[in-house]
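The next block holds one structure in the form of structure tokens; read it before the comments.
Excluded from the calculations below are hydrogen atoms, water molecules and symmetry mates; all remaining heavy atoms, backbone and side chain alike, are included. Predicted model only: the values in this text are computed from it and were never measured. The sequence lines fix the lettering, A, B, ..., with proteins before strands; numbering per chain opens at 1.
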Protein chains: 2
Amino acid sequence: MDRIDSSLVALRRILRATEMSGRELAQSAGLTAVQLRVLQVIGETGQTTAKAISMRMHVSQATVTALVDKLVSGGMVVREKSMTDRRQTNILITDRGRQTLEDAPDPLQQLYVQRFKQMEDWEQAMLVAALERVATMLDAEDLQAGAILTTGDLNKTE
Amino acid sequence: MDRIDSSLVALRRILRATEMSGRELAQSAGLTAVQLRVLQVIGETGQTTAKAISMRMHVSQATVTALVDKLVSGGMVVREKSMTDRRQTNILITDRGRQTLEDAPDPLQQLYVQRFKQMEDWEQAMLVAALERVATMLDAEDLQAGAILTTGDLNKTE
DNA sequence: GTGAAATAATTAGTCCTGCTAATTAAAATA
DNA sequence: TATTTTAATTAGCAGGACTAATTATTTCAC
């Protein structure tokens, strides 16, 4: 097995582990992985719009509406008509939503962080460099693809 | 931003780029990402069973049945009762299925391989080591979780 | 300033993926 | 042989995603 194979297999193991832990965690939080993701995005600023979420997550506005509906019915967020532009609806996180976010940390983190901390300094540095290298390799296409990516997107949660 | 954050952000960029390229590619191949994944699994050995796929992909047999239905109606695979154990149904890839696989290489590969090849030897080695390190960190849980993982799973496609 | 175009959110309707529970058939075992 | 286990399917359900159409508002060109 050559290096390309090895690295692809490793990437797939990573993707898969992430996917599975996402499911588990979302379940324990009473939300699905996607719903949690939306809540995280809203929680970053505390308030946002459907449009902003849809751009940030590269998902249609209709999908966002459906997801926000779920969060609203779970009491995680509330909708509120914007006063500056009345076409817009602001979506605000509630105390309960914040609490949920705190109780349900990012699925990746749970698995990853404790192990990462145990590593030696040089290895941590190497890992970060390697991951960033791969990320750059993979999402360079994205940058060419469209004007959707903005500065905010560089810190994207998913 | 500390190293943990950096590496988590990088991981998310990787996940996201993969997800998006998976969508695009599956679309151009006339199959969804999941269907393509199933076809890849079948293509590895040329022939397998629903049970094997469901274990390999950690998905219920009912889901596999539905996915294989799609592939059958697309002419990518055929079903054939096993003669050694008549409870089983062998799923065989067709020429057309093979062709589709060739035309639609793994989404990850498309993006990744050409860039990987351009890297210097030492950097390739470092990347592989780093990725495997992360993969091990993340899917160690899996190994404890159940007896589902077998040797075959270590080469899993997804 | 009015009318046309653009923007924001939603609704309606569809597809795909996944699940569980129940069913059918065959094999293994006690 | 009778029971249990295994393999696949069917039926029915839910979540997440999409497009197209609708409703309000805002912007902009004339």
Whether over 12 other heavy atoms sit under 6.0 Å from Lys117(A) NZ = no
Could you check whether Val64(B) gets within reach of a base, just the sugar-phosphate, or nothing at all, counting any heavy atom under 4.0 Å?
nothing
Between CE of Met55(A) and C1' of dA9(C) the distance, given in whole Å, is 14 Å
Rounded to whole Å, the NZ-P distance (Lys70(A) to dT10(C)) equals 14 Å
Looking only at heavy atoms, the pair that brings Arg98(B) and Gly46(B) closest together is NH2-CA, 3.6 Å
Gln88(B) atom CD is separated from dT9(D) atom C1', nearest whole Å, by 15 Å
Requested in this report: Ignoring hydrogens and angles, tell me if any N or O in the side chain of Gln124(A) forms a donor-acceptor pair with the backbone of Phe116(A) under 3.5 Å.
Outcome: yes
Is the shortest side-chain heavy-atom distance between Leu127(B) and Ser7(A) below 4.5 Å? no
Whether each nucleotide of nucleotides 20-30 of chain C has a protein heavy atom under 4.0 Å at its base (B), only at its sugar-phosphate (S) or at neither (-) is summarised, 5' to 3', as B-----BS---
Remember a base hit wins even if backbone is also touched, and classify Ser82(A) as base, sugar-phosphate or nothing at under 4.0 Å, heavy atoms. nothing
His58(B) NE2 to dC19(C) C1', in whole Å, measures 16 Å
query: Just wondering, do Val64(A) and Arg56(A) contact through their side chains at under 4.5 Å, heavy atoms?
result: no
When rounded to whole Å, the CD to P distance for the pair Glu80(B) and dT9(D) reads 13 Å
Taken to the nearest whole Å, CG/Asn90(B) to C1'/dA7(D) is 12 Å
Q: May I ask you to test the Asp121(B)-Arg3(A) pair for a side-chain heavy-atom distance under 4.5 Å?
A: yes
Asp69(A) atom CG is separated from dA14(D) atom P, nearest whole Å, by 16 Å
Q.
So does Met137(A) get a backbone contact from the side chain of Arg115(B), meaning a donor-acceptor N/O pair under 3.5 Å?
A. yes
Q) NA contact type, Thr89(B), heavy-atom cut-off 4.0 Å: base, sugar-phosphate, or nothing? A) sugar-phosphate
Arg37(A) CZ to dG15(D) C1', in whole Å, measures 13 Å
